[in-house]
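Taking it in order: structure first as structure tokens, then the write-up.
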Amino acid sequence: MSIFYYLIFPGFLFISIVGLLTAWFDRKITARIQWRKGPPIPQNFRDIFKLMIKEVVIPDTANPTIFLLAPAIALATAILAATMLGVVNMSYEVSFIGDFIVFWYILTIPSIMIILGASASGNPMSSVGASREINQLFAYELPLVIAISTVLFKVGSIGFGDILGYQAINGPFLYSISGVISFIVVLLCIQAKLGLVPFDAPEAETELGAGIFMEYSGVALGAFKLTKAILLYTTPIFLITIFWGGIKVSGFGILWVILKYILIVLLLTLIRNTNPRLRIDQSIRFFWGTMTMLSIVAFILTMFGL
Amino acid sequence: MKETIIPIGPFHPLLEEPELFTLRVEGETVIDVDVKIGWNHRGIEKLAQGLTWDQVPYLVERICGICSTSHPYACVLAMEDILAIKAPLRAQYIRSTVGELERIHSHLLWLGLAGHFVGYNTVFMWAWKYRELVLDSLEHLTGNRNHYAMFKAGGVRRDFSQKAMDFTLKSIDGVEKALKMFLGVVSDDPVLKKRLVGVGILTYEDAILYSATGPTSRPSGVDHDVRRDAPFDAYDKVDWDVIVLKEGDVFAKAACRILECLESVKIIRQCIEDMPEGEIDAGVTDIPPGEGCGHYEAPRGEVFHYMRSDGTGYPIRHKIRAPTFNNLPTFKATCPGAHIADVALITASIDPCYCCTERVGVVDNTGMKSVLTQDDLTKLSVERTLAIRKDLGKLTWDPYSKLL
């Protein structure tokens, strides 16, 4: 059964399709904002399929083992994280103590793999990209963890089951002041995690080529692209799970979830289309300054029960 | 900290044209920058010497796809300098209108690219959408979106129709609205300000030292504009201002360009509204012996053409200096100390046009391409002469041997 979960639903197959559709939605909205026509729905699927049949070029300077393992592990862990989230939402009972922490660790691994893969490629642009990705990872993790711990503090547990159960009884966390503040903080941190503008310095097409992905081609690049698409699915679902009451399949519940999901993706897309790219030092200052302050404020408000 | 060398180019997604920036970097801070051009020799000056006086404006139009009016403008001014005549009044107004429309389209193009370089693709697309209005007007007025083929010595080739002028007046209203919106975006957006303010400052002293021109120097406080300082055509007959700012950073350069576009809108409106009736061509048949200079304020700065005639149908010398030639060395002043992420922006901020600047590039025997100095060229030339003489068996006395 767990193999089915991992590979079919709510695992690999399902999230790949939803993730790529979400990526299409993001591209289409972007195009409409920019007065372009935008790609047709199957475009992202075509891109991935085409990458799958392309040759993988390994640069002479690269360490081939790490260079090729990195995208594979990134994809596998991204699927694992998404599956965990899906399964937990399907029934609260499968949740175990501390699965939230496990999920959190797993969700960090794709970023680390991107850093490893980029460093292993031996390209100077990629290594600059990797160093920026590391900086950014450290920058957004701090406010992110503080903002999320407001939720954990309220629930008094580190299990997904408890978080969802608490919200089922007391209503979503989003409907409180501290909830709104931490939601905003987490949303912006997710923007950085997904590498979207204004936090796309590691890829910075116009400065570093594609930075971290510069030397990748073929299946390996496809794996990274798919990882990004899956993360684009996972992170809004994660937001819904911990802040917005989780996924309820019964009745109109599923419609609500889809609406919430689309709204969050729309927010991410709008942010990325109305901002220029921040320099890496500016984004670190942003996360360690403003965002950390905001998340601490949210935490203090939580202690007063707001 | 360890010093890294980061090459940008010769082929790089940032660059539309082939050139090589070698950045010496410590961490993410740039210590020094070296620019190498010469991947794109085009031989325009040599070609010009083989064309008739009528054909040369067409050729120089193709130096740059963006400032495709500035080069023929300077070129026909040089010819008129030899002739010592001026174009008829109506032709003067037509010339200035085309020149200013081109300035707006060039600056909007730059604004879009600058947006793209800071990852703000929405600005990129929007700027280019409004640029379409300008290109449409140019198509109505001249028949072409680019490469208008309007200029000839002593006048212009085509007259403006009233319908096209009405269309232009209407579309520049739209452009003016868009420009004011962009001005608002640039001056109000806090994130954009963070990226642009205080980045790549070119001081007044450096601007003078490196002889920067145009919108590279004016934001640094250099009050210089060929259109005002050496007035020609309609520029002293209409009311407009030269935009001079103080800060010299990328933000000032962006603001300066947008404000300049608004001035251009003013000029176009006056030119079209006051368009005099009359001839558009002075009927020049041939160019007498002599030499002449023409300069025009291209969107990127002063463009300079020198032409010499010996009374035949062809120019015997045609020298061109594109504005990027002057603006390029300012990187030495603006890049060191900057963050690596800002280099793309700083290099873009002079609105470079490398292919227009390129004059000489040589492929040596090993296939390695390089830019050669005067000495290298002399040496190559002497070697070649010696080889030919050897082949002809005439090498009895060798005056060049001491040069080698």
Side-chain angles (χ1 to χ4, degrees), chain A residues 26-27 29-38 119 122-136 188 191-192 195-211 213-214 269-286 289-290, chain B residues 1-9 11-16 21-23 25 27-30 112-130 132 185-186 189-199 250-251 254 338-348:
Chain A
D26 171 57
R27 282 174 69 174
I29 294 291
T30 305
R32 296 312 299 165
I33 292 172
Q34 298 176 352
W35 276 324
R36 290 186 286 118
K37 194 153 180 276
S119 319
N123 184 305
M125 300 278 189
S126 294
S127 52
V128 173
S131 101
R132 288 183 184 182
E133 179 83 26
I134 295 172
N135 285 331
Q136 198 147 287
L188 285 167
Q191 192 88 5
L196 300 177
V197 183
F199 309 112
D200 72 330
E203 293 187 49
E205 181 203 338
T206 49
E207 292 159 25
L208 303 175
F213 301 126
M214 191 175 219
T269 308
L270 286 182
I271 295 172
R272 107 176 160 100
N273 279 305
T274 48
N275 280 294
R277 181 187 309 121
L278 278 174
R279 250 182 5 230
I280 189 68
D281 57 321
Q282 289 169 339
S283 62
I284 291 175
R285 206 163 296 140
F286 175 73
T290 324
Chain B
M1 200 185 272
K2 210 181 124 215
E3 195 179 290
T4 326
I5 288 177
I6 293 197
I8 302 181
F11 304 101
H12 186 277
L14 166 66
L15 316 166
E16 298 89 53
F21 297 98
T22 315
L23 306 180
V25 179
E28 291 242 0
T29 311
V30 176
L113 285 179
H116 177 58
F117 291 148
V118 290
Y120 205 160
N121 282 336
T122 309
V123 165
F124 178 32
M125 295 290 166
W126 284 42
W128 284 39
K129 180 189 152 69
Y130 288 112
E132 282 301 305
V185 169
V186 171
D189 191 323
V191 189
L192 204 57
K193 261 194 168 163
K194 247 185 180 174
R195 277 309 302 273
L196 302 183
V197 172
V199 170
V250 178
F251 183 80
H339 198 276
I340 185 172
D342 288 334
V343 169
L345 196 57
I346 296 169
T347 53

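Scope of the values below: all heavy atoms of this structure, side chains included, with no hydrogens, waters or symmetry mates.
Heavy-atom distances place both the backbone and the side chain of B:Leu192 under 4.5 Å from chain A. Contacts between A:Asn275 and chain B at a heavy-atom distance below 4.5 Å involve backbone atoms as well as side-chain atoms. With a threshold of 4.5 angstrom between heavy atoms, B:Lys194 approaches chain A through its backbone and through its side chain. Residue A:Ser131 touches chain B through its side chain alone, counting heavy-atom pairs closer than 4.5 Å. For B:Asp189, the part lying under 4.5 angstrom from a heavy atom of chain A is the side chain only. With a 4.5 Å cut-off on non-hydrogen atoms, A:Val128 touches chain B through its backbone and its side chain both.
With rounding to the nearest 0.5 Å, the separation of CD1 in B:Ile340 from CE in A:Met125 is 7.5 Å.
Listed for the B:Tyr120 side chain is no donor-acceptor partner under 3.5 Å among the backbone atoms of A:Arg277.
Of all non-hydrogen atoms in B:Thr122 and A:Gln34, the two that sit nearest each other are N-NE2, 3.5 Å.
Between B:His339 and A:Ile280 the shortest side-chain heavy-atom distance falls below 4.5 Å.
In terms of heavy-atom pairs under 4.5 angstrom with chain A, the leader among B:Leu345, B:Asp342, B:Val25, B:Ile6 is B:Asp342. Listed options A:Thr30, A:Val197, A:Asn273 were ranked by heavy-atom pairs under 4.5 angstrom with chain B; first place goes to A:Asn273.
Taking the six-membered ring where the residue is Trp, B:Trp126 and A:Trp35 present parallel rings, their angle staying beneath 30° rather than reaching 60°.
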Derivation of the side chain to side chain contact (heavy atoms under 4.5 Å, CB included) call for A:Ile33 and B:Met125: CA-CA 9 Å; A:Ile33 292 172; B:Met125 295 290 166; over 6 Å; no

Assess whether side chain to side chain contact (heavy atoms under 4.5 Å, CB included) is satisfied between B:Val199 and A:Arg279, documenting all intermediate values. CA-CA 11 Å; B:Val199 170; A:Arg279 250 182 5 230; 3.9 Å; yes

